[in-house]
Each structure stands twice: as C-alpha cells, then as structure tokens.
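First the structure, in the form of structure tokens, and then the observations on it.
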Amino acid sequence: MATYDHQSIEKEAQERFAAAATPTDLSDTSREPYYLLFEFPYPSGDLHVGHWYAYALTDMYARYLRMRGKNVLFPIGFDAFGLPAENAAIKYGKTPHEWTYANMERMRAQIRSIGTTVDWSKEIATCEPSYYRWTQWLFTKLFEHNLAYRKEAPVKWCPKDQTVLANEQVIDGVCERCGTEVEEKRLTQWFLKITEYAERLRADLDALPWREDMKDAQRAWIGKSEGAKLRFQIADTTDFIEVFTTRPDTLFGVTYVVVAPEHALALQHANQSAVAAYLEATKKKSERERMENKEKTGVRIEDVSVLHPITGEALPVFVADYVLGSYGTGAVMAVPAHDERDFAFAQKNALPMKVVILPGSLSNEEKVSCYTGNGVLSNSGTFDGRQNTEAMWDIVQAAGGERTTNYRIRDWLVSRQRYWGCPIPVVYDPEGKPHVVPAEHLPWELPTDVDFVPNGKSPLASSQELHDRVTRIFGEGWTPEYDTLDTFIDSSWYYLRYLDPQNEHQFSSPELMRKWLPVNRYSGGSEHTTMHLLFARFFHKALYDLALVPTSEPFAERFNRGLILGTDGQKMSKRSGNVVNPDEVVQEYGADAVRCYLAFIGPYNEPGHYPWKPEGVTAMRRFLDRVYVLSQSLSDEAAPEHLLRVLATAEAKVAADTERFKLNTALSGLMVALNAFEEEKSVPRAAYHDFLRLLAPFAPHLTDHLFITTGGEGSVHATPWPAYDPALLVSDTMTIVVQVGGKRRGEISIAAGASQDEVLAKALTEAAVTAALGGKEPSRVIYVPGKLLNLVV
RNA sequence: GGGCGAGUGGCGGAAUUGGUAUACGCGCAUGGCUUAGGACCAUGUCUCGCAAGAGGUGAGGGUUCAAGUCCCUCCUCGCCCACCA
C-alpha cells in the first residue's frame with residue numbers, strides 16, 4: 001500500500017507551524033479564553049514517553065479548542081530547580097546551571113518534534129532570577145502575614161554522606177544515594193502554615209469538578225478528626241497533661257495516659273534512667289525501623305500520676321513512641337478496652353483494662369481483643385445506660401473538656417539544605433532575628449561561589465559573596481539564611497506567571513489574572529494529588545486572602561493521566577531496560593502515528609496503566625496511510641447524504657469524546673468514518689476535507705499536508721471545526737429491539753417517529769416474537785422510545 | 001492494618017440517565033494478490049451447538065419488565081496512606 005513520507009511531510013508541516021505560530025494574545029476579548037495547562041517538566045535531559053503522553057494529548061485538545069474558536073493559552077516552562085542537577089553536577093563536573101540549561105535546550109527541540117502548539121513566548125524557568133525574584137517576593141508576603149515561620153524540626157540526615165536529605169531523597173527509610181538508613185536531626189526550619197487552611201482546603205473540594213477519587217485522596221491527606229481536648233491534672237501539682245481524643249465517650253475506660261517522647265513531661269523526667277534510656281533509644285531508631293517495627297514500646301514515668309478528670313482516680317503515665325509528638329497534643333488517654341493501639345500496649349505491659357461500652361467483645365478476664373464499635377455505656381458513672389454516641393459531648397462537658405478538631409496535615413516544611421533552589425530571601429540581624437530581604441534587593445540571587453559537595457552544611461554557607469553581600473547591604477553582624485526553598489513553592493504559582501512572564505514590576509498582571517483564572521483544565525500525574533496540587537491550592541488561597549489573586553481556587557478541572565508502561569508491562573526504568581525512546585519511534589513511524597497511538601491506547605483521565613505496544617504504533621500508521629491513500633480518489637461531486645451522515649456522526653462523537661479527553665473513542669469514531677469512506681468509489685473533496693478537519697488535532701502534520709495538496713485553502717488548522725445540520729443525525733428509520741420477558745427476540749425497523757402502538761403492531765408481526773409470546777397477551781408493555789420494546793408476559 | 005479504585009474476548013479497550021455486551025484496534029485463522037512477504041485486500045474470530053437455540057461481563061446472592069452498570073457478601077489485583085488517638 002502506498003505509504004506517505006512522514007519525514008519530509010512532518011518536517012515541512014513543522015516549518016509551516018513555526019511560521020504561523022503567533023503568541024496567544026491574552027488581551028483578546030473577541031474570543032472566549034481557555035487556559036489549558038499541563039505540569040511543566042523537570043529538565044532531566046530527555047523526554048520520555050510519559051512526557052509525550054502528557055503533551056501530545058493536551059496538544060490535541062488545544063488544537064481542537066482553537067478550531068472551535070476559543071482563544072487558547074497553552075504554555076510551557078521548566079520546573080528547573082531541583083536536586084538531580086546537583087547530583088549530576090557532582091557526577092559530571094558541570095555546574096547545576098550548565099547542566100540544567102543544556103537539558104532545557106535539548107527538551108525544547110524534542111517538544112517541537114511532536115508537533116505541539118505550545119506558546120513559547122510565555123516560557124518560564126523557575127531557576128531564572130526574573131522568575132525566582134517573584135517566588136521570593138511572594139514568600140516575603142507570606143512572612144509578613146505570619147504564614148511563614150521558623151521552628152525547630154527534625155530533618156532527615158544521612159550519616160554516611162554527612163548531609164541533610166530532602167524528603168524526596170529518602171526512599172523507604174534509606175538514603176537514595178548510598179542506601180544508608182536515614183536518621184533524624186533537629187534543625188531550625190522554615191514552615192508555611194498550610195494547617196491554617198486545612199478546613200478550607202477540605203471544604204472547597206466539594207465544589208471542584210474533579211474526579212471524586214482525587215478529592216478523596218486530598219480529603220484523606222488533610223485528615224479531619226473531630227474530638228475533644230481533655231485535661232488530666234498531674235497529681236500534687238497544678239499542671240495538666242492535655243490529650244486529644246476522638247472518643248471522649250470512652251473516658252471512663254481510661255486506665256493510663258501516654259505521652260510522646262517529644263512531650264515536655266517526658267523531657268522533664270529524663271533524669272529517670274529508664275526514661276532517659278528510652279528517649280535515647282527512640283532517637284536512635286531509624287526511619288526504617290519505625291516503619292517496619294510497629295511493636296508498642298514504652299516505659300512508665302515513675303512518681304508521676306494524673307487524675308481522671310471525672311472520677312479523680314490516679315492513673316499512671318507512660319512515655320511511648322506509638323504516640324506522635326506532632327499530632328494533637330502529643331499525649332493520649334489510653335483506653336485499652338476500646339482502642340487497638342492502647343490494647344496492644346496494655347497487653348504487652350500487663351496493664352489493666354476497663355470495658356465501658358457494651359456489647360464489648362472483650363471480657364476483662366480473657367483480654368483477647370478490644371471493641372471499637374458503639375454501644376451502651378457501662379462503668380461510666382452517671383452516664384451508664386446511655387448510648388455512647390449520644391452521651392459523648394455530655395461527657396466532655398462533665399470533664400471540663402473542650403470540643404475541637406484536629407487535622408492530619410502538618411505545616412509545610414519548605415526549607416532545604418540544598419544549593420540548586422530558590423534562596424530564602426531572609427537575613428538575620430546581630431540578635432539572630434529574621435528579616436525578609438526588602439523588595440528592592442530582589443532577586444536575592446543564588447551565589448555561584450559555592451561548594452555543593454555534601455559536607456554536612458547548607459551549601460550556601462560556603463559562599464563568601466553571600467556573606468559580603470549581606471554585610472554590605474545590612475551591616476556588620478548580619479548573616480544570611482543559607483537554606484533554599486522547596487521546589488514545590490516554585491511550582492505553586494507558575495501558572496500565574498505564564499500570564500505575564502516578562503513583567504518586572506509585578507509577579508503577574510491583575511487584569512490578566514481576572515480574565516484567565518482559574519485555569520480551565522489542568523493535566524498531570526496522579527502522584528501530585530497530595531503534593532503539588534495541594535500545595536498549589538494552599539498557596540493560591542493564601543494569595544487570595546492577601547488580595548493578590550482574584551480566585552480562591554487555582555484550577556477548575558483536573559485531569560490525571562494514566563501511566564505508559566514498557567513493552568513488558570512493567571514500569572519503564574533504565575534498570576529494567578524497557579524504556580521506549582520516543583525519538584526513535586518518531587523517526588520510524590512519524591510523530592502523527594505516535595500521537596494517534598497514545599490517544600488510542602486508552603482513556604486519558606483514568607488511572608490506567610498501558611503497556612507500550614510497537615504493533616499499536618504500526619496500526620496507527622496503517623490508519624494514517626489509509627487516510628493518505630484516500631486522497632488519491634477524490635471527486636468534485638457534492639457529498640451524498642449518507643456520507644454527510646457519516647461525517648455528522650463522526651463530528652458529534654469526536655467533539656463529545658474530545659471534550660471528556662476520551663481521545664481513544666474519538667479516534668475510533670474517525671476510524672468508523674474512514675471505513676465508510678473506503679466503501680465509496682470516490683470521495684467528494686469537500687467531505688474529505690471535513691474528515692481531515694476532524695482528524696487534524698490528532699495527526700496535525702499529515703492532515704495539514706493532505707489538506708494543502710488536495711486543494712484546501714491555507715492550513716487545515718486555521719479552518720473552523722465542521723458543523724452539520726443536526727437533522728443529519730436523525731435517521732429516517734429507527735431500529736427497535738424487541739424483547740419478550742426481557743430476552744431479545746428480534747429487532748424491527750420502522751419509520752422514525754412511529755408511535756408505541758405502531759411499534760407494537762409491527763413487533764407482533766415478527767415470527768420470533770409471536771413464538772415467544774406463545775399466543776398470550778403481554779401483561780405489560782415497556783417501550784423505550786427509539787430503542788427498545790419489552791413485552792412482559 | 002486503613003482508605004480508594006478496578007476485575008468485560010487471546011490482548012488494549014467500547015458500552016449518556018439501568019435498555020441490542022464485546023464498538024474501534026491489535027493478534028489469530030482462512031482465502032486472494034504476489035518470485036516472496038513481517039506489505040496489501042477480502043472474510044471470519046465470546047463459549048457450547050450441524051442447526052434452531054442456549055449460556056455469558058471475577059464468584060455468590062438481591063432489587064428490577066430489564067443489571068457490565070444499582071445493593072449485599074466474598075475473592076483477586078492495583079494505587080495511596082501507613083501507630084493521626
């Protein structure tokens with residue numbers, strides 16, 4: 001079969017695309033704006049098939065929207081700060097800057113090679129001073145509004161490499177670089193108060209048109225728990241241990257109290273040798289041990305007891321690391337009869353248990369399991385006999401407690417002891433008090449005279465230039481902040497900068513933000529559901545509260561793509577040698593075939609995993625070759641009605657499916673149309689051109705070539721999306737499935753618009769139907785207009 | 001351990017609100033064309049059955065005139081979170 005020369009056709013088409021490319025005019029008010037965003041890439045060096053999947057499919061949608069008359073913003077940039085640049089720099093002896101910029105250059109060429117229509121005029125790179133200047137400025141705004149603060153916190157530390165590790169570098173509790181078990185070290189760190197936004201981040205999800213499972217993942221991550229704070233007085237003192245519980249109804253079942261190793265009471269009694277030893281052992285426990293070994297350990301704090309808030313009974317106090325210092329109050333009331341963890345700890349240490357909810361499965365003698373369900377209170381003083389759920393808040397009141405809500409989410413630790421990141425725009429006065437760098441000194445540039453080989457300190461501390469800079473600007477005794485910002489901050493606002501990337505006076509244009517926000521559709525990977533997407537939502541809301549952005553949410557629709565696997569069905573990785581190099585496939589089959597293959601591989605907005613199949617690419621190439629061959633049998637006659645119907649049907653399907661990003665079925669609709677066209681002796685030119693228009697977003701190069709070479713005027717991509725008389729979609733006749741008792745007994749063809757009686761009458765002339773009825777009258781007739789007739793006997 | 005999602009031909013996957021299960025493509029089979037073909041064309045391709053017909057969407061039950069779709073129980077797989085009191 002004739003096959004087209006994809007190399008020359010695609011090269012020429014890309015030259016035409018480049019010549020015709022005009023930056024999106026964001027101030028254009030004549031057309032409806034549509035902001036289509038995909039997660040900007042980290043410049044790791046090579047585009048892999050996953051990038052293709054993301055960019056090619058969003059490009060199809062961008063092209064489709066333009067044909068529908070939308071003013072489409074489809075930008076690209078680079079998430080250019082990040083750790084791999086440092087590792088690569090150490091490995092290859094280049095600077096992170098050199099390595100990163102070389103990679104970006106390479107990736108730009110690759111992105112062009114797949115025929116995307118991204119708007120390069122809006123390109124940003126987060127490592128550019130002109131970009132991070134505003135990252136820093138926004139950080140200073142958060143600081144000024146008490147949304148950024150410092151406190152001592154544990155960081156991950158690799159004892160072998162003598163370096164602090166970013167969370168991303170810790171894989172299953174070991175250092176990504178050397179495999180050593182990671183320890184914790186306490187350093188003063190910067191945080192953003194995402195917890196202050198926990199409730200809004202959770203509640204505002206309800207109105208977002210996201211897939212429900214993505215919203216659930218964020219809800220779970222935020223983790224709302226309603227409960228109470230209760231105070232247990234420490235005997236013979238006026239001090240209290242405050243605990244958080246979601247089960248105040250079990251208060252009478254408390255047999256001891258547990259504090260976390262970080263709790264003040266534990267530190268206060270570290271003079272007890274057992275306590276000291278336990279705290280020491282806990283500190284030494286590696287991340288991995290904590291994850292793998294869930295056995296409940298802990299020791300009693302001697303000579304300390306607390307009083308039950310209602311009964312006044314004296315209860316022992318333990319320190320145990322199954323209680324987290326960073327959640328709630330860092331202390332819990334233990335109810336071993338009705339809580340799994342307390343049960344395990346009590347059983348191990350032979351502590352008493354007390355059943356207060358019936359029917360509890362635990363008998364005090366056997367102590368084989370605990371009961372966490374609901375029931376009737378017993379052993380609960382005046383509350384005996386009441387339903388636990390109903391009496392819960394009365395118990396809180398009786399205990400002098402207070403109703404409260406806790407969230408699982410923690411404040412966002414944003415400082416990184418790394419080099420290749422945005423410098424935190426902070427300096428310290430001689431007293432050590434932090435001050436933000438004033439706006440006139442931004443960008444607060446990343447120094448270059450830095451030793452970023454790990455030596456146990458933040459690399460920036462080695463910069464003489466940074467020291468001199470601080471002394472020069474702020475005076476003797478002032479010192480710089482040496483940490484850089486988490487790159488998730490860079491990516492928390494990049495979609496705002498795309499609107500106004502060259503602005504030297506503002507981070508973005510308020511006017512354009514009003515016009516273009518929120519982002520209409522954001523496409524990316526599911527791994528970011530509880531990271532980037534949550535960070536960006538928080539950041540955006542914070543800016544909204546500072547009146548810096550006009551919307552309370554950054555993104556309207558969110559589409560998560562699936563994962564392209566290797567030909568062996570495994571995740572692609574260099575190690576398993578199953579990485580598909582897209583450049584090679586494009587070389588052999590053409591970008592259009594690869595684009596169509598990725599579109600056809602499966603539904604985009606579902607968490608599917610799709611193995612790469614080489615024969616799938618050849619199949620798409622075959623499809624495109626058939627489209628090409630069809631161009632050789634065109635006629636100039638008017639399209640007959642049945643072909644118009646084919647086109648109208650295809651148009652309706654492609655449009656509806658493309659809107660939902662179901663590009664696999666959109667393409668199948670085009671294949672159906674092609675099959676019908678091939679039945680014809682010749683295809684009317686106008687009909688063929690319409691077909692090319694429908695296919696244009698998927699295979700932009702070939703369709704453009706064929707459109708031009710068969711007499712089309714201008715680029716196919718500049719032509720409007722075809723429109724058809726809706727009447728073409730309505731057939732003259734309709735096919736009705738006839739069932740008897742729910743079983744299919746035949747189908748009839750009848751004039752469209754026939755009444756139920758007419759359908760029934762015709763159905764009764766079918767032999768199979770009357771046979772199934774066996775002479776009986778149907779007791780009930782169900783008619784689904786235009787579709788189905790069911791005769792119930 | 002908890003949460004979420006998914007199980008449909010040999011394979012990727014189709015199937016608006018419950019309304020003809022398996023669209024489209026791959027693979028395979030047979031035939032054609034051909035010196036040849038891993039190219040192309042035609043036909044076929046859920047299972048059983050010569051057929052009429054019957055059965056069939058992980059298993060079992062339920063609701064319904066009608067269930068891949070809704071409800072319950074179970075099994076398997078995937079992803080996320082992992083002592084969050």
Side-chain angles (χ1 to χ4, degrees), chain A residues 1-3 211-217 219-221 223-225 227 243-248 250 258 260 290-296 320-324 326-335 338-342 344-345 406-410 526-527 529-530 563 569 596-597 600-603 606-620 622-623 625-626 629 653 656-657 660 662 664-672 674-675 678 735-747 768 771 778-793:
Chain A
M1 178 199 216
T3 184
R211 232 172 47 204
E212 211 49 46
D213 62 310
M214 297 181 205
K215 298 205 257 184
D216 281 343
R219 288 186 188 111
W221 187 265
K224 183 177 188 172
S225 289
V243 304
F244 172 72
T245 180
T246 55
R247 292 295 303 273
T250 63
V258 193
R290 276 173 189 265
M291 279 162 60
E292 284 174 358
N293 188 0
K294 295 270 175 67
E295 205 180 325
K296 308 270 178 300
D321 69 355
Y322 79 87
V323 174
L324 305 177
S326 55
Y327 182 77
T329 61
V332 302
M333 60 180 219
V335 187
H338 301 292
D339 180 277
E340 303 275 0
R341 295 146 304 187
D342 298 337
F345 187 74
N406 257 316
Y407 295 88
R408 204 194 75 104
I409 194 170
R410 308 294 151 82
S526 57
E527 70 275 19
T529 304
T530 53
L563 193 65
C596 287
Y597 173 61
F600 196 67
I601 202 167
E606 282 177 29
H609 287 198
Y610 310 110
W612 179 273
K613 300 183 96 175
E615 62 270 28
V617 185
T618 54
M620 288 306 119
R622 185 148 51 224
F623 165 67
D625 275 334
R626 284 163 58 202
V629 166
K653 180 158 184 63
D657 290 351
R660 295 184 296 151
K662 294 221 28 165
N664 54 333
T665 52
L667 212 41
S668 84
L670 288 166
M671 290 171 178
V672 170
L674 178 65
N675 290 343
E678 286 177 335
T735 305
I736 308 287
V737 170
V738 183
Q739 299 181 333
V740 176
K743 289 210 182 297
R744 187 179 192 277
R745 293 298 173 186
E747 60 181 43
S779 61
R780 194 174 154 195
V781 176
I782 288 138
Y783 180 56
V784 183
K787 278 187 181 160
L788 174 137
L789 182 77
N790 188 10
L791 306 175
V792 185
V793 280

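Just so it is clear: chains get the letters A, B, ... in the order the sequence lines come, proteins before strands, and each one is counted from 1.
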Quiz prompt | Where A/D342 and A/V335 come nearest, the two heavy atoms and their spacing | solution =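 Answer, listing the atom of A/D342 first, then A/V335: OD2-N, 2.9 Å.
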
Quiz prompt | Exercise: identify the closest heavy-atom pair between A/R410 and A/L324 | solution = NH2-CD1, 4.4 Å

Practice problem: Quick one: sort the A/Y322 and A/F345 rings into parallel, tilted or perpendicular, breaks at 30° and 60°. | Solution: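 A/Y322 vs A/F345 ring planes: tilted.
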
Please state how far atom [atom1] in [X] lies from atom [atom2] in [N], giving the value in whole angstrom units.
X	N	atom1	atom2	result
A/M620	B/rG13	CE	C1'	11 Å
A/E527	B/rG78	CD	P	19 Å
A/D625	B/rG25	CG	P	15 Å
A/K653	B/rC24	NZ	C1'	9 Å
A/D657	B/rA23	CG	P	16 Å
A/M214	B/rC80	CE	P	15 Å
A/W612	B/rC11	CH2	P	22 Å
A/E615	B/rG13	CD	P	14 Å

Does a nitrogen or oxygen in the side chain of [X] sit under 4.0 Å from OP1 or OP2 of [N]?
X	N	answer
A/N675	B/rA23	no
A/K662	B/rA15	yes
A/R622	B/rC40	yes
A/Y322	B/rA85	no
A/S225	B/rA85	yes
A/R745	B/rA52	no
A/R247	B/rA85	no
A/N664	B/rG25	no

Does the structure show a Watson-Crick or G-U wobble partner for [N], both distances under 3.5 Å? Name it, or say none.
N	result
B/rA51	none
B/rU34	none
B/rG68	none
B/rC26	B/rG10
B/rG3	B/rC79
B/rU16	none

Return the nearest nucleotide to the side chain of [X]; candidates are [options].
X	options	value
A/P603	B/rC24, B/rG19, B/rA14	B/rA14
A/W221	B/rG13, B/rC81, B/rA85	B/rC81
A/S668	B/rA23, B/rG27, B/rG12	B/rA23
A/F600	B/rC81, B/rG25, B/rA85	B/rG25
A/D216	B/rC81, B/rC4, B/rC26	B/rC4
A/M671	B/rA15, B/rA85, B/rC24	B/rC24
A/V672	B/rC24, B/rU20, B/rG27	B/rC24
A/T665	B/rC24, B/rA23, B/rC26	B/rA23
A/R626	B/rG19, B/rC4, B/rC41	B/rC41
A/V323	B/rA85, B/rG19, B/rA21	B/rA85

Quiz item: Do A/R219 and A/D216 sit within salt-bridge range, that is, some charged N less than 4.0 Å from a carboxylate O?
Solution: yes

Quiz item: Which glycosidic conformation, syn or anti, is assigned to B/rG9 if syn requires a torsion within 90° of zero?
Solution: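 It is syn.
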
Quiz item: If you pin A/R410 and A/A220 to their nearest nucleotides in RNA chain B, which one's is more 5'?
Solution: A/A220

Quiz prompt | Which residue lies more 5' along RNA chain B, comparing A/G669 with A/T329 via nearest heavy atoms | solution = A/G669

Contact class for [X] vs. all strands (heavy atom < 4.0 Å): base, sugar-phosphate, or nothing?
X	result
A/V737	base
A/Y610	sugar-phosphate
A/E212	nothing
A/L788	base

Quiz item: Just checking, any donor-acceptor pair under 3.5 angstrom between side chains of A/S225 and A/N406?
Solution: no

Work out how far the [atom1] atom of [N] is from that of [M], and round it to whole angstrom.
N	M	atom1	result
B/rA82	B/rG60	C1'	33 Å
B/rA21	B/rU47	C1'	14 Å
B/rG62	B/rC79	C1'	31 Å
B/rG27	B/rA36	C1'	23 Å
B/rU22	B/rU57	C1'	9 Å
B/rU8	B/rA15	C1'	10 Å
B/rA23	B/rU45	C1'	15 Å
B/rG68	B/rG18	P	13 Å

Practice problem: Look up atom OG in A/S326 and atom CZ in A/R408, then write down how far apart they are to the nearest 0.5 Å. | Solution: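 If I round to the nearest 0.5 Å, the distance is 10.0 Å.
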
Quiz prompt | Residue of the set A/V784, A/I782, A/V781 for which side chain to side chain contact (heavy atoms under 4.5 Å, CB included) holds with A/L789 | solution =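 Of A/V784, A/I782, A/V781, side chain to side chain contact (heavy atoms under 4.5 Å, CB included) with A/L789 is met by A/V781 alone.
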
